[in-house]
Amino acid sequence: MSETRKTKVLIIGSGPAGYTAAVYASRAMLEPILVQGMEPGGQLTTTTEVENWPGETEIQGPDLMVKMEAHAKAVGTEVISDLITDLDLSERPFTATGDSGTTYKADAVILATGARAKWLGLDSEEKFKGFGVSACATCDGFFYRGQEIIVIGGGNTAVEEALFLTNFASKVTLVHRRDELRAEKILIDRLMKNEKIEPLWDHVLEEVVGDEDPLGVTGVRVKHVKTGEITEIPAKGVFIAIGHAPANELVKDTLETHMGGYVVTQPDSTATSIPGVFAAGDLTDHKYRQAVTSAGMGCMAALEAEHFLAEQE
Ligand SMILES: Cc1cc2nc3c(=O)[nH]c(=O)nc-3n(C[C@H](O)[C@H](O)[C@H](O)COP(=O)(O)OP(=O)(O)OC[C@H]3O[C@@H](n4cnc5c(N)ncnc54)[C@H](O)[C@@H]3O)c2cc1C
């Protein structure tokens, strides 16, 4: 049965940004509702070890997100399993429509819908995700100290990831389907001067290969785009670095976006182009894309929502 729920603060998304916003909004007595979406817990539920969340030397991503959800609930957040399919920001209270049929009316909205790494869509890529295949060098580079690594891509993301990975890897092979990079010149110069990086032009990833027990990557098979010749390269890690896509479907036509769809926020703020609508986490962040930065922005969004609501009264 369809119902209408009224709340001071509606938080859309259940990643680190959403749950942190929920903790702060609850403790400010705003009685927020948080709608979880299709991926309760967000991106960290798709990984294994997280080693850079302060206070936890090592924690499994899904376990960290279970803790965050429990924390949000313990301080009073109502966590709802629903997917927002439409968001009307033309007047306050704002109106969100849930896939369940529920309508949510909110005086302020915190958008925390995150982002998704782009993947190639290969079966072998899926099979080894979290077991040698990654899309985040900052998160997983540390696991490949002294190992050989493959980076797939040819834009800024790929060049930055390849450069960063040389801090750990004995060798980084950058596999790119063209014979030149589409990155900033300064980054290309740095890459070309780095003796640990070997570009492999005109090749695409055919297959990630590895062991079954324990599951782990041992190398890749790459194909020359002109000759079709297949080459095998040994490696312990494969980083897919073909970009990220912010989950902006609800707001791409109503809020200002930039850098490929990331929601624009005001400097040092999570305020968007619509008063009362705040955006936090990977949805706005084309640069750092970390759990801890997302959580920080979730905190900011809740505090700013609190100030906004106080000013309205
Ligand atoms: C494999 C992998 C490993 C990683 N490892 C690390 C690591 O070790 N350390 C680190 O700091 N970072 C890591 N990251 C990055 C980190 O996960 C992200 O920076 C962080 O999760 C972003 O948080 P977020 O809250 O902005 O959004 P996300 O975690 O992306 O969560 C988005 C949420 O929004 C919800 N949502 C989306 N659309 C809707 C909708 N229409 N209605 C309702 N809800 C919706 C989703 O269900 C989801 O809950 C990793 C990422 C990946 C993919």
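Remember, it's 1-based here, ligands and their atoms both numbered in the order they're listed.
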Give a yes or no on whether a salt bridge exists between [X] and [Y], defined as a side-chain N under 4.0 angstrom from a carboxylate O.
X      : Y      : value
Glu78  : Arg5   : yes
Glu207 : Lys223 : no
Lys67  : Asp63  : no
Glu125 : Lys129 : no
Glu148 : Lys236 : no
Glu206 : Arg221 : no
Asp282 : Arg116 : no

Side-chain ([X]) to main-chain ([Y]) donor-acceptor, under 3.5 angstrom:
X      : Y      : result
Asn156 : Glu184 : yes
Thr20  : Cys299 : no
Ser170 : Gln147 : yes
Ser100 : Thr102 : yes

Suppose I only count heavy atoms of [X] and a 4.0 Å limit; which atoms of ligand 1 are within that range?
X      : result
Gly13  : 33 (C), 34 (O), 35 (C), 44 (N)
Gly281 : 26 (O)
Ala112 : 32 (C), 33 (C), 34 (O)
Thr46  : 1 (C), 53 (C)
Ala115 : 30 (O)

Students should be able to answer this: which protein heavy-atom is nearest to [atom], and at what distance?
atom                    : result
atom 27 (O) of ligand 1 : Gly114 CA, 3.3 Å
atom 31 (O) of ligand 1 : Gly42 CA, 3.4 Å
atom 38 (N) of ligand 1 : Thr113 CG2, 3.6 Å
atom 8 (O) of ligand 1  : Cys139 CB, 3.4 Å
atom 10 (C) of ligand 1 : Gln290 OE1, 3.2 Å
atom 41 (N) of ligand 1 : Ile84 O, 2.9 Å
atom 51 (C) of ligand 1 : Gln43 OE1, 3.7 Å
atom 40 (C) of ligand 1 : Leu83 CD1, 3.6 Å

- Query: So does Glu51 have more than 12 non-hydrogen atoms from other groups sitting under 6.0 Å from CD?
  - Reply: yes
Answer yes or no: does an N/O atom from [X] fall short of 3.5 Å to an N/O atom of ligand 1?
X      : value
Ala291 : yes
Thr47  : no
Gln36  : yes
Asn52  : yes
Ile12  : no
Glu39  : yes

Heavy atoms only, cut-off 4.0 Å: how does [X] contact ligand 1, side chain, backbone, both, or neither?
X      : result
Ala17  : both
Arg289 : backbone
Met38  : backbone
Asp285 : neither
Ala117 : neither

- Query: Going only through I, L, V, M, F, W and Y residues with side-chain contacts under 4.5 Å, is there a path from Ile149 to Val220?
  - Reply: no
- Query: Between Pro275 and Ser273, which heavy-atom pair has the shortest distance, and what is it?
  - Reply: CD-O, 3.9 Å
Among [options], which residue places a heavy atom closest to [atom]?
atom                    : options                       : value
atom 33 (C) of ligand 1 : Ser14, Pro246, Gly37          : Ser14
atom 21 (O) of ligand 1 : Pro16, Ala135, Ala279         : Pro16
atom 19 (O) of ligand 1 : Asp282, Ile59, Leu250, Val251 : Asp282

- Message: Quick check on the 6.0 Å ring-centre criterion: do Tyr24 and Tyr19 meet it?
- Response: no
- Between Arg145 and Phe143, is NZ or CZ placed under 6.0 angstrom from the six-membered ring centre and within 45° of the ring axis? no
